[in-house]
Amino acid sequence: MEQTTSDLVLFFGRFHPIILHLPIGFLLIAFVLELMSRIKRFEAYKAAVGLILFLGAVSAIVAAVLGYMLAQGGGYGDELLSLHQWLGIAAALTAIISLVLNWMVSKNISPTLDKVYVSTMSVMIIVLMAAGHYGGSLTHGSDYLTQYMPNPLRTLAGMEPKQEKKEVKIASIPEAQIYHDIVFPIIDARCVSCHNPDKRKGELEMHTPEALVKGGESGEAFIAGNAAESDMIKRLLLPEHHDEHMPPEGKSQLTEEQVALLSWWVNEGAPFDKTVAQVNVSEEIQAVLNTLADPNANKSEVEILLATEVPEVDEQSLKQLQASGVQLMPLAAEVNWLQARIPLSKSGDSLIQALQPVAEQLTWLDMGDTRTSDQALATVPKFSKLTRLHLENTQVTDAGLQHIKDLPYLEYLNLYGTQVSDEGIQQLKSLKNLKKLYLWQTQATEEGVAKLQEALPQLEVNMGINNWESVNADSTLAAK
Amino acid sequence: MKLFEEAQHRNAAYETRRHFLKKCSSGLGSIAMGSLFGCNPFSTSESKIVPPVVGNPLAPATSHFAPKAKRVIYLHMAGAPSQLELFDYKSELAKLHGLDCPPSLLEGKRFAFIQGVPKMLGPQAKFAPRGQSGAMVSDLLPHFHEVVDETAIIKTLHTDEFNHAPAQLLVQTGSSRLGRPSMGSWVTYGLGSENDDLPGFIVLVSGGNTPSAGKSVWGSGFLPTIYQGVQCRSEGDPVLYVSNPEGMSRDLRRKSLDAINQINEKEYQEMGDPETLTRISQYEMAFRMQISVPEIMDISKEPEYIQKMYGIEPGKASFANNCLLARRLSERGVRFIQLYDWGWDTHGNSKSVAIEHGFRDKCKQIDQPIAALIKDLKQRGLLDETLIVWGGEFGRTPMQENRNGRTMPFMGRDHHTEAFSMWMAGGGVKGGITHGETDEIGYYGIKDRVHIHDLQATILHLMGMDHERLTYHFQGRDFRLTDVAGKVVKPLLA
């Protein structure tokens, strides 16, 4: 049963949410004034009730008509919609009846008629409230009002206490249920608020496996085993401003990782009962899955360190330190980690002492191309959070390196143009996080480096190009 | 009566807009409020984190987030090198070589020179997988093969402009019209300079010509002029008038500078024009540059094997010299070093701009120095924090150019906006990858297209800046390098 609704109907229908608040306001005010006018002091209000009731009744009719037009567009749960619709019509009808009764009462003051009039109005208000409530449920979801209700109130209202909704960490990735533990939480957070029995956008419900398999207006939500052709995945991948992109522009979007997980699930046949161990897991998906068990899974120790908070250095001490001649500044805005640089014309030997008050915050230290010697390095172990250290073209020797071995987070060490040798660099073996070491124009040799790399297999050592001419000749040959 | 008119006229001339606005404090108060609070008082966009109102406008500033790259060396091949002979190998195009171009590629398209029905032009170079990553690079860049694993090649750049000047402006300033700040200006505005004795943004030009768009490609637009690129010459005096004139000693110069600075400071107190601050710091910078620049720009002091490695030509303005200079400048902490090399507009209408002749020579000129630059930065530990960007302003067509509908004497390709290649290396870029894919003939990007604004957003991101937050309030609204577009290309990030 394919029925098309004219654009004009839908266009006017969209004005329903704008108009509907008028009857609510008018009718409520009419009721309040009617009651108040029964007190002698406020008798004068009586005259206004008729006009306000009239405005309320007219706007109620308009709102009902527009609401009917809006409903033609579809996308709402039938049950809730019909309840809202009939309550809305009832509200308009009771408003009209109240208006007529009001007119009659003003002509002929009979106590019975007056009772009927006030009762009709009371019914009207109740119906109006109910219609409004279910209307709200249609647009915002039926648990909109109660979502953040405090638990004591919930108990009073006879509802289940709220479940603490926190990011559920998965204990064991291989044993995790793909749909239940990984896929559904994503769908639940991003899709279900519009695709549920009450608000079936595009005739699609996504709250249960059965509903998801059933699909919606434009057919199947997914084709098991083929994410590229699955409507659900295709819409996620469309540009955000595209009309068919999901979730609609302006709503919270899925992260790239979440999209990758959904695509993976569909590509693996969209199983509802399998565990991770039972399907193929690519390296990229594994990396994403790891973060579900531990958000820091793919981060290095240094990245985790720099993501932690350190106490702020107050501006005055920072200014003082800067005045001492060190270039000192935060790593980034709103981050308390600091980077320092010894100016080219100065020596780190004396200036490093000045940095001691920020030992906890200092993570990048650049003493390269200065007259720094081993003397400065004696202080370096105090800066235990250093991750980058520039010592290139300084007077540093093997003797100085013994102080560097106590920097657990050191990731980058530049020693090019110094007097260090094979013997000295062996002391770096304890630097488990060291990733890059620069040794061009030092006494270090290939053998010494190989020995160091045995202990630190992840270490990348750059010895530079000392013999450029032979390299050059080789490459020209290779090119021919 | 004439005297009266003159008096009136003079009075009117004195009453400038500034005076008018100053007087009408009440009536125009709302305008002032507007500019104070901006259009949206709840706007969370912070243009600059530490606005250097007084003091040195080039003082180093904090980035939005921890940067991967501290500086940029941007190598712009002015004229647009052909991606089909360098990085984007298309075997299908080789099969179509010499056939008429199908109408579907021509309909509704505008070209700079192609008319009627051109012939297809197959790749004019030999390709093979290079490096460990196996990226397809042609034999025109033999030295580049050695560093290909350091680079991320982007094959799907696309632009909106098919003429040189606007396209160069779009790449360098984010807009194809004149008057916007260049990328180097934005970066120095955002981050300041690490070296007090040198400008934060230095420009070196080779190839015999400046880019078609002129000096606007390194201009500061509406940013204070302290952020504009300073062009250094690679032959003769690196900066004109860098030495003291006869009869002027350094002491005397210092004294006269102090006097001028005092006057300028008074002027700033009164008017508050940031250009006055710029002027003070420019004078100071020039004074300090007198000592630092001749030393840094003297590449003859480099050891011989380094000179050979780059293949420099002392005393000449060459791309190789500029690459070596770029390394020296980056060592001294210059924030943005922009190299322009002219002569990449290979239309095939003469031998020097023919793909089989002039283009090969151009490739030869840049190949060795670029490889040397990457290796040299690497052995000094600088490549980790120096971002290198290479590319032109657009690409070249898979069709052979047929200017005025005639076959050209040489192989040439017309301007092409839909797909072209660039690469980035160092400073937080994932090495040894190829991003994006073009169709079988390299006409159109079919996977992971990258717009110029995306590239700009990515470069700023690597420098630790959010391209949406690096803004400057001008003429009533916030401007940014990426205009209203741009998305960081995440797969390129290490």
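A note on names: the letters A, B, ... follow the listed sequences, proteins ahead of strands, and every chain is numbered from 1. Here the structure is a predicted model, which means the values were calculated and not measured.
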Please give me the minimum heavy-atom distance between A:Ile465 and B:Tyr305, naming the atom from each residue.
O-CE1, 4.2 Å

Just so I know, are the side chains of B:Gln379 and A:Met463 near enough to count as touching, which here means a heavy-atom distance under 4.5 Å?
no

Beyond-backbone contact of B:Leu382 with A:Tyr416, side-chain heavy atoms, under 4.5 angstrom
no

Tell me whether A:Gln419 at atom CD has more than 12 heavy atoms from other residues, nucleotides or ligands lying less than 6.0 Å away.
no

Quick one: closest heavy-atom pair of A:Leu331 and B:Pro67, and the distance?
O-CD, 3.6 Å

Max heavy-atom pair count under 4.5 Å with chain B, selected residue of A:Glu392, A:Gln327, A:Glu256, A:Lys436:
A:Lys436

Gap between atom CD of B:Glu331 and atom CG of A:Leu344 - 0.5 Å precision
10.0 Å

Determine the minimum heavy-atom distance between A:Ala332 and B:Ala66, stating which atoms define it.
CB-N, 3.3 Å

Please round to the nearest 0.5 Å and tell me the distance separating atom OG1 of B:Thr62 and atom CD of A:Glu334.
10.5 Å

If you count the non-hydrogen atoms of other residues, nucleotides and ligands that lie under 6.0 Å from CD in A:Glu284, is the total more than 12?
no

Taking every non-hydrogen atom, the tightest pair across B:Ala61 and A:Met329:
O-CE, 3.1 Å

Using non-hydrogen atoms and a 4.5 Å limit, figure out which bit of A:Trp364 sits close to chain B: side chain, backbone, both or neither.
side chain

Where the side chain of A:Asn414 meets the backbone of B:Arg380, is there a donor-acceptor pair that is under 3.5 Å apart?
yes

What is the distance from atom OH of A:Tyr412 to atom CD of B:Glu385, rounded to the nearest 0.5 Å?
5.0 Å

Heavy-atom cut-off 4.5 Å, strictly under: side chain, backbone, both or neither for B:Lys490 against chain A?
side chain

Chain A contact via B:Lys487 - which portion, at a heavy-atom distance below 4.5 Å:
neither

